[in-house]
Engineer: 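One structure, as structure tokens, below. Some questions next.
Chain letters run A, B, ... following the sequence lines, proteins first and then strands; every chain starts at 1. Just so you know, these numbers use all the heavy atoms, side chains as well, and skip hydrogens, waters and symmetry mates.
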2 protein chains.
Amino acid sequence: MRNDVRELRVDKGLSQSDLGAVLNVSRQTVNAIETGRYSPSLPLAIAIARFFGHAVEEVFHVD
Amino acid sequence: MRNDVRELRVDKGLSQSDLGAVLNVSRQTVNAIETGRYSPSLPLAIAIARFFGHAVEEVFHVD
DNA sequence: TACCGATGTCAAGGTTACTTTACATACATG
DNA sequence: CATGTATGTAAAGTAACCTTGACATCGGTA
């Protein structure tokens, strides 16, 4: 499971902490997702995709 | 989190057990998702959506 | 130098997702 | 009636997700 969260976040000029605040999760959670330590839950994945204006499958790729 | 898994599954003439086999999860997991006991993991949600030929957001709806 | 924002990561703990095993109900068919 | 298939659900265990708190590094800037 790779994803484009970091790229999308940086393009928006946001810190991991900023994005965490938007999504109501901790900055550590954002970091773990970006660095691939684990996949987000489905509700969180949908929230992330929606925030960036993409479909879930466009942001999260099965390897 | 509601979803259309049951409807999609029944339309294909599959049992919960059949779908579990396709997705490599137990029939209890399929049942739990259909009955809304919990949301699937992101990889499983993507596998489900892909199997039915839909986007994740089309199958799983934030309430 | 000293400070600060951003990032990476760890530990400990709570909750959710998933497993196997098991038992129950309902329905169809021999 | 007896059997088989499909479904619902529970219990107990493991793994994954997510939290707070903490510590470290790096780059910029006063």
Side-chain angles (χ1 to χ4, degrees):
Chain A
M1 266 290 177
R2 294 206 70 66
N3 68 76
D4 302 338
V5 173
R6 171 159 304 175
E7 181 183 352
L8 293 164
R9 173 180 62 79
V10 171
D11 284 353
K12 285 218 174 193
L14 300 176
S15 68
Q16 293 180 346
S17 194
D18 293 334
L19 182 56
V22 170
L23 300 169
N24 290 309
V25 295
S26 68
R27 70 170 189 84
Q28 288 88 339
T29 293
V30 174
N31 182 275
I33 293 166
E34 287 189 358
T35 56
R37 297 233 317 279
Y38 50 74
S39 296
S41 67
L42 178 58
L44 180 52
I46 291 176
I48 292 170
R50 170 177 299 227
F51 176 73
F52 289 117
H54 288 78
V56 170
E57 289 89 342
E58 292 173 345
V59 180
F60 299 93
H61 320 286
V62 187
D63 307 291
Chain B
M1 266 287 175
R2 294 208 70 66
N3 68 74
D4 302 338
V5 174
R6 172 159 304 178
E7 180 183 353
L8 293 164
R9 173 180 62 80
V10 171
D11 284 353
K12 285 218 174 195
L14 300 175
S15 67
Q16 293 180 347
S17 194
D18 292 335
L19 182 56
V22 169
L23 300 169
N24 288 311
V25 295
S26 68
R27 71 169 187 87
Q28 287 86 343
T29 293
V30 174
N31 182 276
I33 293 165
E34 287 189 358
T35 57
R37 297 232 313 278
Y38 50 74
S39 297
S41 67
L42 177 58
L44 180 52
I46 291 175
I48 291 170
R50 172 177 298 231
F51 176 72
F52 289 117
H54 288 79
V56 169
E57 290 88 344
E58 293 172 344
V59 180
F60 299 94
H61 321 286
V62 187
D63 308 291

Engineer: Just by modelled atom types, is the L8(B) backbone N or O under 3.5 Å from a matching donor or acceptor in the D11(B) side chain?
Structural biologist: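 Side chain of D11(B) to backbone of L8(B): no pair is present.
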Engineer: Scan T29(A) against the nucleic acid and name what it touches under 4.0 Å (heavy atoms): base, sugar-phosphate only, or nothing.
Structural biologist: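 Base, at least one base heavy atom under 4.0 Å.
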Engineer: In whole angstroms, how far is the P atom of dG5(C) from the CG atom of D18(A)?
Structural biologist: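 Nearest whole value for this atom pair: 12 Å.
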Engineer: Could you state the CD-P distance from E34(A) to dA6(C), rounded to the nearest angstrom?
Structural biologist: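 From E34(A) CD to dA6(C) P: 13 Å.
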Engineer: Is the shortest side-chain N/O distance from R6(A) to OP1 or OP2 of dG8(C) below 4.0 Å?
Structural biologist: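 So the side chain of R6(A) is within the cut-off, an N or O lying under 4.0 Å from OP1 or OP2 of dG8(C).
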Engineer: For atom CZ of R6(A), decide whether the heavy atoms of other residues, nucleotides or ligands shown that lie under 6.0 angstrom number more than 12.
Structural biologist: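 Yes, CZ of R6(A) has more than 12 neighbouring heavy atoms, counting only those of other groups under 6.0 Å.
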Engineer: According to a 4.5 Å side-chain heavy-atom criterion applied to Ile, Leu, Val, Met, Phe, Trp and Tyr, with indirect links allowed, do V62(A) and L23(B) form part of one hydrophobic cluster?
Structural biologist: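 Shared cluster, yes.
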Engineer: Take the protein atom CD1 of I33(B) and the nucleotide atom P of dT16(C), then report the distance between them rounded to whole Å.
Structural biologist: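 Spelled out: CD1 on I33(B) to P on dT16(C) is 16 Å.
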Engineer: Take atom CG of N31(B) and atom C1' of dT20(C), then tell me their distance rounded to the nearest Å.
Structural biologist: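 It is 15 Å, rounded to the nearest whole Å.
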Engineer: If only atom types and distance count, is the side chain of E58(B) paired as donor or acceptor with the main-chain N or O of A55(B) below 3.5 Å?
Structural biologist: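 A pair under 3.5 Å: yes.
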Engineer: Rounding to a whole Å, what distance do you find between M1(B):CE and dA17(C):P?
Structural biologist: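 So the two atoms are 10 Å apart, to the nearest Å.
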Engineer: Whole angstroms only, please: what is the CZ-P distance between R27(A) and dT9(C)?
Structural biologist: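 Those two atoms, CZ and P, are 11 Å apart.
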Engineer: Strictly below 4.0 Å: does Q28(A) bring a side-chain N or O up to OP1 or OP2 of dC10(C)?
Structural biologist: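 For dC10(C), OP1/OP2 do not have a side-chain N/O of Q28(A) under 4.0 Å.
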Engineer: Donor-acceptor pair, distance only, cut-off 3.5 Å: does the side chain of R27(B) make one with the backbone of G20(B)?
Structural biologist: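 Not a single qualifying donor-acceptor pair exists.
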Engineer: Mind checking which nucleotides bracket the chain A contacts on DNA chain D, 5' to 3', with an atom under 4.0 Å from a heavy atom?
Structural biologist: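 Range of nucleotides within reach of chain A: dC17(D) to dA22(D).
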Engineer: Between S41(B) and A32(B), who's closer to the 5' end of DNA chain D by nearest nucleotide?
Structural biologist: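 The residue mapped nearer the 5' terminus is A32(B).
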Engineer: When we call it a touch if two heavy atoms are under 4.0 Å apart, what does N24(A) touch: a base, just sugar-phosphate, or nothing?
Structural biologist: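 Result for N24(A) = sugar-phosphate.
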Engineer: Q16(B) CD to dA26(C) P: how many Å, rounded?
Structural biologist: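 One finds 17 Å between P of dA26(C) and CD of Q16(B), rounded.
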Engineer: Would a distance-only check, ignoring hydrogens and angles, find a side-chain to backbone donor-acceptor pair under 3.5 Å from N3(B) to I33(B)?
Structural biologist: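 Yes, because the side chain of N3(B) sits within donor-acceptor range (under 3.5 Å) of the backbone of I33(B).
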Engineer: Remember a base hit wins even if backbone is also touched, and classify S26(A) as base, sugar-phosphate or nothing at under 4.0 Å, heavy atoms.
Structural biologist: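 Since a base atom lies under 4.0 Å of S26(A), the category is base.
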Engineer: Yes or no on side-chain contact (heavy atoms from CB on, under 4.5 Å) for V56(A) and L42(B), after CA distance, side-chain angles and deciding distance?
Structural biologist: CA-CA 9 Å; V56(A) 170; L42(B) 177 58; 3.8 Å; yes
Engineer: What is the separation between atom CG on L44(A) and atom P on dT16(C), rounded to the nearest whole Å?
Structural biologist: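 These atoms are roughly 14 Å apart.
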Engineer: Counting only side-chain heavy atoms from C-beta out, which of dT9(C), dA6(C), dC18(C) sits nearest to P40(B)?
Structural biologist: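 Of all the options, the side chain of P40(B) is nearest to dC18(C).
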